[in-house]
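Written out below as structure tokens is the structure these notes cover.
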Amino acid sequence: MPLDFRNVNALWSSIVVETLSRLGLTVAVICPGSRSSPLTIAFARHPAIEAIPILDERSAAFFALGIAKRKGLPVALICTSGTAGANFYPAVIEAKESRVSLIIMTADRPPELRHCHAGQTIDQVKLYGNYPNWQTELAVPSLDMGMLCYLRQTLIHAWERSRFPIPGVVHLNFPFREPLAPIPNPDTEALASEFDSEEFFARIVSSENYIHPLSRIPLPLDNWQSCERGIIIAGVMSSHHNKEYCQAIARLSCFLNYPVLAEALSPLRNYADLNPYLIATYDPILRDRQLAEKLAPEIVIQLGELPTSKELRTWLETTQPHRWIVDPSWENFDPLHGKTIHLRTSIEQLTHHLPEPAIANPTNYLKYWCEAETQVRQTIDRTMRAIDHFLEGKAAWLLSQTLPPDTPIFIANSMSVRDLEFFWMPRNSGIIPYFNRGANGIDGTLSTALGIAHRHQSSVLLTGDLALLHDTNGFLIKQKFIGHLTIILINNNGGGIFEMLPISQFEPPFEEFFATPQNINFAKLCATYEVEYQLITTWKQLEQLLNPLPEIGVRVLEVQTDRKADARWLQDNLKKFAGDR
């Protein structure tokens, strides 16, 4: 793209955008504002970058987060000065904690207009604290060739820091002097005749071939192989190579004769045919105290973060096995503070030399796990099939069997994610789970789901009513959204997760201050945003609406449930599933 030589701000911003484009940037999400005008114009006129205007900054940030999750590449996020950038903060935290690449660009007043009550000015330097991988304030735009080279190299460094060694956020603060509009300036236009764009950008080298160094820690395969009472725990994982990730785990599982306890928010349950020792019902299994004691491991190989299950965490804390945590980052993934060794490598690197999986003679310990899984799974499936009334946990069970193969599904936090862990059935569907489990908040749920679905295949969001209401401004994205999103709304009129906690026994103030029912008519809410809406009256109706999925638009399918009755059902039945073996 030709650079914009109309004035210094236009040239500065067009160099920013062209540099990022050559590095691989394809999407920029832009919020309206005056101080960011030079960046907005540069992104909007670049032919190789999709520039998407979004009104609400918090919604825009989560929309960008969703796109970045799906693409596996950085997305640029641009806003004006003042409190606009502060509204990005929740998504910045989530991106850091869930390791998603975002390049945030906040426009700012120049230094002489700070600390003097100039309008719309706050301290934006290090606005996001310690959450970015890297952050800096750029120099005030200049026509000096040395400064233009500085700008180019700073953007290259920013791109790399957003991706390596671990994906995350980079924050760039851009001070601009007026004029902010591209009003022509003779000095800048004169530079155009002597500026060699091809030579200037020729040195840009993307770090696509960067390879994370292998761990230098000796791998304890012999130690693991000599222990019969070992398990593999596969926690939350969003991979862009799901099948390869699952195959690597299968190689290790079959090589060691270890069962694999698979979180629903990993790809494993949706590539079930790859692993003969997959355990999905570990939460109800471990609620049987005698069985949990019988299954106590000596060695645990933990892949990434621990699963959501509190039962699993309590069991590990009680049994205190030796744990090896396999993850290429330098994060501490041991909230239990147990006997752990971190192996700073990936499961793919760890197992690349192992033979392809083959079923050997299972140990007695492995047989105990597999038998328990088979029997508890049969009990859960039999129970779910017999339920005709609306129970929110059945929605997760039904989705696992109904959605078209390879469907992307975003799962909201609180009860939705727990229902998946309890009831998502292993199959070979290739369904792709997405989630915001970095900080585990409910903010940005709808916007993130729309980001994942944008220009992607037809997608699904499973959410409760409060998580959806917390982000209704996300519906404004519908005007720019390309693709389809089906929102399965489990409306129990309040926060169902709190019904599972001891505080639910204290009334007042439980209902008003914790469950916080909002009594919203979602049909009218959807009509306000011109979003298609249907009230689901039978499970059969829901099944028919989920396969096949539409190709365009946004729709809400509302399932109304009884929050307190569902909580009682879970508390009664989760303990019974293992006992009914």
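Bear in mind that the values here come from a model prediction, so they are computed numbers and not experimental data. Positions are given from 1, in the same order as the sequence printed here.
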| ring-ring contact (aromatic ring centres under 6.0 Å, His included) pairs, two or more places apart, involving residues 32-53 | none
| task | Would you indicate whether the side-chain heavy atoms of Asn491 and Thr561 approach each other to under 4.5 Å? | result | no
| request: Using distance alone, with no hydrogens and no angle criterion, decide if Thr19 and Arg152 have a side-chain donor and acceptor under 3.5 Å apart. | output: no
| message | I'd like to know if the side chain of Arg269 and the backbone of Trp424 have a donor-acceptor N/O pair within less than 3.5 Å. | response | yes
| said: So Glu421 and Pro307, do their side chains get closer than 4.5 Å, heavy atoms only? | reply: yes
| Donor-acceptor pair, Lys243 side chain versus Tyr271 backbone, under 3.5 Å? | no
| Is the number of heavy atoms from other residues, nucleotides or ligands under 6.0 Å of His241 NE2 greater than 12? | no
| said: Strictly by side-chain hydrogen bond (donor to acceptor under 3.5 Å, both in side chains), give each pair with a member in residues 117-135 just once, sequence neighbours left out. | reply: Gln124-Asn173
| query | Side chains of Glu305 and Leu265: does their closest heavy-atom pair fall under 4.5 Å? | reply | no
| message | Are Arg22 and Leu20 packed together at the side-chain level, in the sense that at least one heavy-atom pair is separated by less than 4.5 angstrom? | response | no
| request: Using side chain to side chain donor-acceptor pair (under 3.5 Å) as the criterion, list what pairs up with Thr26, not counting sequence neighbours. | output: Lys71
| Hey, is the main chain of Asn413 close enough, under 3.5 Å, to the side chain of Arg418 for a donor-acceptor pair? | no
| Minimum heavy-atom distance Cys79-Ser36, with the two atoms named | O-CB, 3.4 Å
| remark: Hits for side-chain contact (heavy atoms from CB on, under 4.5 Å) against Asp443, two or more places apart or cross-chain, chain-then-number order -> Arg58, Phe62, Pro90, His470
| Checking Thr528 side chain against Lys524 main chain: does a donor-acceptor pair fall under 3.5 Å? | yes
| said: Walk me through whether Ile30 and Leu39 qualify under side chain to side chain contact (heavy atoms under 4.5 Å, CB included). | reply: CA-CA 9 Å; Ile30 304 171; Leu39 289 170; over 6 Å; no
| query | Is the backbone N or O of Ile497 less than 3.5 Å from a side-chain atom of Ser414, with the two atoms forming a donor-acceptor pair by type? | reply | no
| task | Using salt bridge (Lys or Arg N to Asp or Glu O under 4.0 Å) as the criterion, list what pairs up with Asp108, not counting sequence neighbours. | result | Arg114
| What residue pairs, at least two apart or across chains, pass ring-ring contact (aromatic ring centres under 6.0 Å, His included) with a residue in residues 433-455? | Phe63-His454
| Residue pair Asn492, Asp562: steps toward the side-chain hydrogen bond (donor to acceptor under 3.5 Å, both in side chains) verdict | CA-CA 6 Å; Asn492 59 19; Asp562 185 323; over 6 Å; no
| field | Thr80: partners by side chain to side chain donor-acceptor pair (under 3.5 Å), with sequence neighbours left out | value | none
| remark: Closest non-hydrogen atoms of Ser266 and Gly235, given as atom of the first, atom of the second and distance, are CB-O, 3.3 Å
| query | Can you list every pair that meets ring-ring contact (aromatic ring centres under 6.0 Å, His included) and has a residue in residues 501-547, with sequence neighbours left out? | reply | Phe390-Trp539, Phe475-Tyr529
| field | Pairs meeting criterion side-chain hydrogen bond (donor to acceptor under 3.5 Å, both in side chains) with involvement of residues 495-510, two or more places apart | value | Glu499-Arg563, Glu499-Lys564
| task | Please identify each residue that fulfils side chain to side chain donor-acceptor pair (under 3.5 Å) with Asp419, with sequence neighbours left out. | result | none
| note | Between Ser14 and Leu11, the two heavy atoms sitting closest are OG-O, 2.9 Å
| message | If the condition is side chain to side chain donor-acceptor pair (under 3.5 Å), which residues does Ser98 pass it with, not counting sequence neighbours? | response | Glu94
| Side-chain heavy-atom pair Arg70, Val75 within 4.5 angstrom cut-off | no
| said: Let's go through Val16 and Phe174 carefully: what are the C-alpha distance in whole Å and the side-chain angles of both, what is the deciding distance for side chain to side chain contact (heavy atoms under 4.5 Å, CB included) to 0.1 Å, and is it a yes or a no? | reply: CA-CA 11 Å; Val16 168; Phe174 285 83; 3.8 Å; yes
| field | Working for side chain to side chain contact (heavy atoms under 4.5 Å, CB included), residues Leu102 and Val170 | value | CA-CA 6 Å; Leu102 291 179; Val170 163; over 6 Å; no
| Can you check whether His171 reaches Thr106 side chain to side chain, under 4.5 Å on heavy atoms? | yes
| query | With a 4.5 Å heavy-atom cut-off, do Gln560 and Leu535 have their side chains touching? | reply | yes
| In terms of side-chain geometry, is the basic nitrogen of Glu178 or Arg35 positioned less than 4.0 Å from the acidic oxygen of its partner? | yes
| Step-by-step side chain to side chain contact (heavy atoms under 4.5 Å, CB included) determination, Leu557 to Leu546 | CA-CA 10 Å; Leu557 307 180; Leu546 292 178; 4.2 Å; yes
| More than 12 foreign heavy atoms under 6.0 Å from CD of Gln541: is that the case here? | yes
| message | Hydrogens and angles aside, do Asn473 and Ser59 bring a side-chain donor and acceptor to less than 3.5 Å of each other? | response | no
| message | What I want to check is whether the side chains of Thr445 and Asp471 have a donor and an acceptor closer together than 3.5 Å. | response | no
| query | Is Ser459 reaching over with its side chain to a backbone N or O of Gln457, donor-acceptor style, under 3.5 angstrom? | reply | yes
| Flag, side chain of Asn9 to backbone of Pro38, donor-acceptor distance under 3.5 Å | no
| task | Answer yes or no: is there a donor N or O on one side and an acceptor on the other, between the side chain of Asp566 and the main chain of Glu392, under 3.5 Å? | result | yes
| message | When you measure from the side chain of Asp465 to the backbone of Gly494, do you find a donor-acceptor pair of N or O atoms at a distance under 3.5 Å? | response | yes
| said: Treating Lys394 as the side-chain partner and Met384 as the backbone partner, does any N or O pair qualify as donor plus acceptor under 3.5 Å? | reply: yes
| Residues that His240 engages under ring pair (Phe, Tyr, Trp, His ring centres under 6.0 Å), provided they are two or more places apart | none
| request: Work out which heavy atom in Ile15 is nearest to a heavy atom in Leu151; give both atom names and the distance. | output: CG2-CD2, 3.8 Å
| request: Please report the C-alpha distance between Glu112 and Arg177 in whole Å, then the side-chain angles of each, then the deciding distance to 0.1 Å, and finally whether the salt bridge (Lys or Arg N to Asp or Glu O under 4.0 Å) criterion is met. | output: CA-CA 10 Å; Glu112 66 270 18; Arg177 292 192 175 104; 2.7 Å; yes
| query | Any side-chain heavy atom of Lys478 within less than 4.5 Å of one from Glu530? | reply | yes
| task | Check the side chains of Asn547 and Thr402 for a donor-acceptor pair under 3.5 angstrom, ignoring hydrogens and angles. | result | no
